[in-house]
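When reading the values below, keep in mind they use all heavy atoms of this one structure, side chains included, and skip hydrogens, waters and symmetry mates. None of the values given here were measured: they were computed from a predicted structure. Convention: sequence-line order gives letters A, B, ...; per-chain numbering from 1.
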2 protein chains.
Amino acid sequence: MANTTHFSTKDRILGAAEELFAQHGFAGTSLRQVTSRADVNIAAVNYHFGSKENLVNEVFRRRMDDMTALRLSQLKTALEQHPGELRPVLAAFVEPALAMSQDRHGGGAFVRVVARAYAEKNDGLRKFLSDHYGHVLREFGKAIATCVPGLSKEELYWRLDFLAGALTYAMADFGLIKRPADVTEAAHRERAARELIRFAEAGIRAGN
Amino acid sequence: MANTTHFSTKDRILGAAEELFAQHGFAGTSLRQVTSRADVNIAAVNYHFGSKENLVNEVFRRRMDDMTALRLSQLKTALEQHPGELRPVLAAFVEPALAMSQDRHGGGAFVRVVARAYAEKNDGLRKFLSDHYGHVLREFGKAIATCVPGLSKEELYWRLDFLAGALTYAMADFGLIKRPADVTEAAHRERAARELIRFAEAGIRAGN
DNA sequence: GTCTATACATTGATAGAC
DNA sequence: GTCTATCAATGTATAGAC
């Protein structure tokens with residue numbers, strides 16, 4: 001079954017929007033580009049989503065819920081099976097972002113869309129994200145705090161922020177590291193996750 | 001001398017563009033917004049800069065050259081006065097970004113513009129940055145390598161990437177850390193720099 | 001050399017036929 | 001639920017007055 005057919009108009013719009021948002025940003029993507037790629041009429045987007053801003057939010061919700069669920073369940077497992085260990089907690093934060101980016105119909109674009117979301121901090125999107133997914137960060141904050149008792153609450157949040165920034169950049173390929181031609185995209189991202197977890201573990205534990 | 005007068009049309013456009021780009025991104029900022037804020041005619045931007053894309057590049061060049069010079073000179077000092085020490089090298093990378101964000105006519109917006117630049121990776125801007133400022137990263141890479149001999153070239157570049165990502169986020173206030181009302185913007189950024197340097201030092205030294 | 005007026009394309013969104 | 005036609009607003013770029 002090819003992936004170009006048997007998708008509803010709504011899903012085709014979401015998919016096309018996701019890819020274009022990842023590539024050109026939100027403001028930089030026109031609804032006409034979206035509907036053209038999705039092979040639907042220009043009016044369909046307003047019929048199904050009401051407005052461009054709402055389409056942006058829906059593009060998020062569709063995958064963000066999955067990623068959040070993945071993170072929280074992996075965190076739960078980590079806390080149960082490796083209590084007091086920092087690395088599994090960090091892995092629970094980083095690896096789901098990696099998983100999202102693997103193959104399954106277009107999730108790869110999504111991690112880049114997330115990075116956009118951070119950058120386009122103006123409109124209601126950031127509030128939308130903070131309102132709906134802020135609790136995830138707090139969960140991880142608590143988990144990390146128990147693994148690294150000496151850390152003040154302030155320091156903890158700074159470091160979580162650094163981790164989130166580094167993760168976003170690495171996953172979005174915003175950085176300077178260019179994937180060598182002989183390394184697959186999947187292997188490259190896997191490497192990124194591994195390196196980042198080590199880097200962040202040391203950073204979060206940093207004393208002095 | 002107020003800062004609204006005695007500036008050329010060209011400089012007023014650059015200043016207005018910088019602030020608006022920081023706030024709304026490149027695609028999200030219209031030339032009409034720019035010229036309106038700069039209090040010049042809509043056509044002036046095309047007269048002075050030729051196109052919007054070129055205006056974007058010029059907004060960069062104006063401050064990026066300063067920041068690059070600052071970084072390289074501070075790096076030189078660090079290598080001379082504290083040879084073999086990692087932290088002064090990292091400070092030379094991080095602190096100039098902080099310095100740019102202090103007061104002096106609107107540089108604060110610039111660090112946010114830099115973050116935008118990373119995110120808007122599509123057009124010629126990334127190539128422009130890589131072509132003109134890529135050597136800075138290589139300089140720092142070399143300096144770090146001498147401080148942390150065990151590091152492979154690949155690991156080094158991954159970690160530099162993480163540092164750049166975290167720096168960009170922290171300086172652009174993209175993260176979750178919200179500045180408390182009783183802390184000045186300057187103090188907040190200073191704290192960010194200090195925390196990041198410690199975090200990155202540990203991360204870059206990470207073994208295992 | 002500098003700016004004003006304006007042309008022209010494209011945007012997001014809506015109305016109404018089918 | 002989907003389309004065509006079209007709107008007002010806003011985008012970029014140019015021609016020509018000063």
Please check the phosphate of [N] (OP1 and OP2 only) for any side-chain N or O of [X] closer than 4.0 Å.
X: B:Ser30; N: D:dT12; value: no
X: A:Tyr47; N: D:dG1; value: yes
X: B:Asn41; N: C:dA5; value: no
X: A:Ser51; N: C:dG12; value: no
X: B:Asn46; N: D:dT12; value: no

Rounded to whole angstroms, how far apart are [atom1] on [X] and [atom2] on [N]?
X: B:Phe49; N: D:dT12; atom1: CZ; atom2: P; value: 14 Å
X: B:His24; N: D:dG11; atom1: NE2; atom2: P; value: 11 Å
X: B:Ile42; N: C:dC3; atom1: CD1; atom2: P; value: 14 Å

*Are a donor atom and an acceptor atom from the side chains of B:Tyr47 and B:Asn41 found within less than 3.5 Å of each other?*
no
*Select base, sugar-phosphate, or nothing to describe what A:Ala44 touches, counting heavy atoms under 4.0 Å on all strands.*
nothing
*Identify whether any heavy atom of B:Ser36 sits under 4.0 Å from a base atom; if not, whether one sits that close to sugar-phosphate; answer base, sugar-phosphate or nothing.*
nothing
*asked:* If you assign each of B:Lys10 and A:Gln33 to its closest nucleotide in DNA chain C, which residue comes earlier from the 5' end?
replied: B:Lys10
Nearest to the side chain of [X], which nucleotide is it out of [options]?
X: A:Ala43; options: D:dT12, D:dC3, C:dT4; answer: D:dC3
X: A:His48; options: D:dT2, D:dG11, C:dA15; answer: D:dT2
X: A:Arg32; options: C:dA5, C:dT14, D:dT6; answer: D:dT6

_Within the structure provided, determine whether A:Val94 and A:Leu163 are in side-chain contact (heavy-atom separation under 4.5 Å)._
yes
*Specify whether A:Phe26 and A:Phe21 have parallel, tilted or perpendicular ring planes, treating 30° as the upper limit for parallel and 60° as the lower limit for perpendicular.*
perpendicular
_A:Phe162/B:Phe162 aromatic ring centres below 6.0 Å_ = no
*If you fit an axis to the five pairs at each end of the helix from C:dG1-D:dC18 to C:dC18-D:dG1, how big is the angle between those two axes, to 10 degrees?*
0°
*Check each of A:Arg112, A:Arg63, A:Gln23 against A:Glu18 using the side-chain hydrogen bond (donor to acceptor under 3.5 Å, both in side chains) test, and report the only one that passes.*
A:Arg63
*asked:* I need the minimum non-hydrogen distance between B:Ala206 and B:Arg159, along with the two atoms involved.
replied: O-NH1, 3.1 Å
*Enumerate the residue pairs fulfilling salt bridge (Lys or Arg N to Asp or Glu O under 4.0 Å) with a member in residues 21-40 of chain A, sequence neighbours excluded, ordered by first and then second residue.*
A:Glu19-A:Arg37
